Chemist: 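There's a structure below that I have some questions on.
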Amino acid sequence: MYDKVCRACGRKLSEFYNTYMLGCPECYRAFSSEIELSLKKVHGVAVHTGKSPNGNSVDRELISEYNRLLNEKETAILEGRFENIAELSNSILELSEELKKRGLL
C-alpha cells in the first residue's frame, strides 16, 4: 500500500506519511482513500486548495518532526538500539503534547 505512486508527479504515498505533503493536485485523487483522514487532521480539508494549505509552517514542521521521530524509533527498535528508544520516546511524547494542544493529533 505505501509503495503507491502518483502517475502525474511520481510522489510516493510513503513520502506523504513522512512529510504530510503531496507533490501535485493529482496526488489528492491518486491517494484519496488512503490519506483522507490524515489530510483533514493536518490541513482541515481533504481536497486540494492550492499551494498554501490551512495551518502554518510551524504546524507542518512539528508534524514532520513527529513523524521523523516515530520512524527513527521504529528503526532503533528493529536494529536493537535500545539505548536510543527511551530518548526518542520522551521526544515523541513531548511533541505529541504540543500537537494535541494545537489540535493536530
Side-chain angles (χ1 to χ4, degrees):
M1 174 172 105
Y2 294 110
D3 57 347
K4 195 172 183 181
V5 176
C6 174
R7 292 182 189 180
C9 71
R11 184 99 171 167
K12 295 178 183 176
L13 181 58
S14 59
E15 293 175 84
F16 167 78
Y17 285 112
N18 287 330
T19 64
Y20 281 92
M21 290 191 250
L22 296 169
C24 73
E26 184 59 34
C27 287
Y28 287 83
R29 288 184 278 282
F31 307 138
S32 64
S33 61
E34 293 91 351
I35 65 173
E36 185 174 352
L37 289 175
S38 296
L39 286 173
K40 284 182 181 178
K41 280 185 177 179
V42 175
H43 298 295
V45 295
V47 295
H48 179 65
T49 58
K51 291 187 177 188
S52 298
N54 290 337
N56 62 42
S57 62
V58 173
D59 289 347
R60 289 190 300 275
E61 287 177 26
L62 288 173
I63 290 168
S64 182
E65 177 65 7
Y66 178 77
N67 286 317
R68 187 192 67 75
L69 289 170
L70 288 175
N71 289 334
E72 190 175 332
K73 180 181 174 185
E74 182 178 346
T75 300
I77 291 168
L78 293 172
E79 293 176 354
R81 290 185 286 120
F82 300 107
E83 64 278 359
N84 299 89
I85 295 170
E87 182 181 321
L88 290 165
S89 294
N90 289 337
S91 297
I92 290 167
L93 181 61
E94 288 175 16
L95 198 47
S96 70
E97 297 286 327
E98 180 62 28
L99 290 170
K100 286 177 186 173
K101 285 181 195 174
R102 295 171 178 257
L104 298 170
L105 190 64

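Treat the numbers as computed from the prediction; the structure is a model and nothing was measured. Numbers for residues simply follow the sequence, beginning at 1.
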Chemist: Please enumerate all residues that pass salt bridge (charged side-chain N to carboxylate O under 4.0 Å, His left out) together with Glu83, with sequence neighbours excluded.
Modeler: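 Glu83: no salt bridge (charged side-chain N to carboxylate O under 4.0 Å, His left out) contacts found.
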Chemist: Honestly curious: do Phe31 and Val5 fall in one hydrophobic cluster under the side-chain, below-4.5 Å linking rule?
Modeler: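 Per the 4.5 Å side-chain linkage, Phe31 and Val5 are not co-clustered.
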Chemist: Can you list the residues that meet the side chain to side chain donor-acceptor pair (under 3.5 Å) rule with Glu98, with sequence neighbours excluded?
Modeler: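 With neighbours one apart ignored, the set is Arg102.
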Chemist: Look up atom OH in Tyr17 and atom NZ in Lys12, then write down how far apart they are to the nearest 0.5 Å.
Modeler: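 Interatomic distance, Tyr17 OH to Lys12 NZ, rounded to 0.5 Å: 15.5 Å.
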Chemist: Which atoms form the tightest heavy-atom contact between Arg81 and Thr75, and what is the distance?
Modeler: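 Nearest pair, atom of Arg81 first, then Thr75: NH2-CG2, 3.8 Å.
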Chemist: What is the distance from atom SG of Cys24 to atom CZ of Arg7, rounded to the nearest 0.5 Å?
Modeler: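 It is 12.5 Å, given to the nearest 0.5 Å.
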Chemist: For Thr19, check side chain to side chain contact (heavy atoms under 4.5 Å, CB included) against everything at least two apart and list the hits.
Modeler: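 If we apply the side chain to side chain contact (heavy atoms under 4.5 Å, CB included) test to Thr19, skipping adjacent residues, the hits are Arg11, Met21.
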Chemist: Can you list every pair that meets salt bridge (Lys or Arg N to Asp or Glu O under 4.0 Å) and has a residue in residues 18-33, with sequence neighbours left out?
Modeler: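 Checked against salt bridge (Lys or Arg N to Asp or Glu O under 4.0 Å) - neighbours excluded - the pairs reaching residues 18-33 are Glu26-Arg29.
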Chemist: List in chain and number order the residues that pass side chain to side chain contact (heavy atoms under 4.5 Å, CB included) with Ser64, two or more places apart in sequence or in another chain; answer none if no residue qualifies.
Modeler: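 By the side chain to side chain contact (heavy atoms under 4.5 Å, CB included) rule, Ser64 matches no residue at all.
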Chemist: With rounding to the nearest 0.5 angstrom, report the CD1 to CD distance, Ile85 to Glu72.
Modeler: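 It is 11.0 Å, given to the nearest 0.5 Å.
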Chemist: In chain order, what residues pass the side chain to side chain donor-acceptor pair (under 3.5 Å) check against Glu94, with sequence neighbours excluded?
Modeler: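 Here no residue qualifies.
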Chemist: Tell me, please, which residues at least two apart from Asn90 pass side chain to side chain donor-acceptor pair (under 3.5 Å).
Modeler: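 Asn90: no side chain to side chain donor-acceptor pair (under 3.5 Å) contacts found.
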Chemist: Kindly give the heavy-atom pair with the smallest separation between Asn67 and Asn18, and that separation in Å.
Modeler: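 In terms of heavy atoms, the two residues are closest at CB-O, 3.8 Å.
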Chemist: Could I get the full list of side chain to side chain contact (heavy atoms under 4.5 Å, CB included) partners for Ser96, not counting sequence neighbours?
Modeler: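 Tyr66, Leu93, Leu105.
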Chemist: Measuring only between side-chain heavy atoms, which start at C-beta, is Leu62 closer than 4.5 Å to Leu104?
Modeler: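 Result no, sub-4.5 Å side-chain heavy-atom pair not found.
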Chemist: Check salt bridge (charged side-chain N to carboxylate O under 4.0 Å, His left out) between Glu87 and all other residues, then give those that pass, not counting sequence neighbours.
Modeler: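 Applying salt bridge (charged side-chain N to carboxylate O under 4.0 Å, His left out) to Glu87 gives none.
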Chemist: To the nearest 0.5 Å, what is the distance between NZ on Lys4 and OG on Ser33?
Modeler: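 Answer for the NZ-OG pair, Lys4 versus Ser33, is 5.0 Å.
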Chemist: Checking Ala86 now: which residues fulfil side chain to side chain contact (heavy atoms under 4.5 Å, CB included) with it, not counting sequence neighbours?
Modeler: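 By the side chain to side chain contact (heavy atoms under 4.5 Å, CB included) rule, Ala86 matches no residue at all.
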Chemist: Quick one: side chain to side chain donor-acceptor pair (under 3.5 Å) partners of Glu65, sequence neighbours excluded?
Modeler: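 Only Arg68 meet the side chain to side chain donor-acceptor pair (under 3.5 Å) criterion with Glu65.
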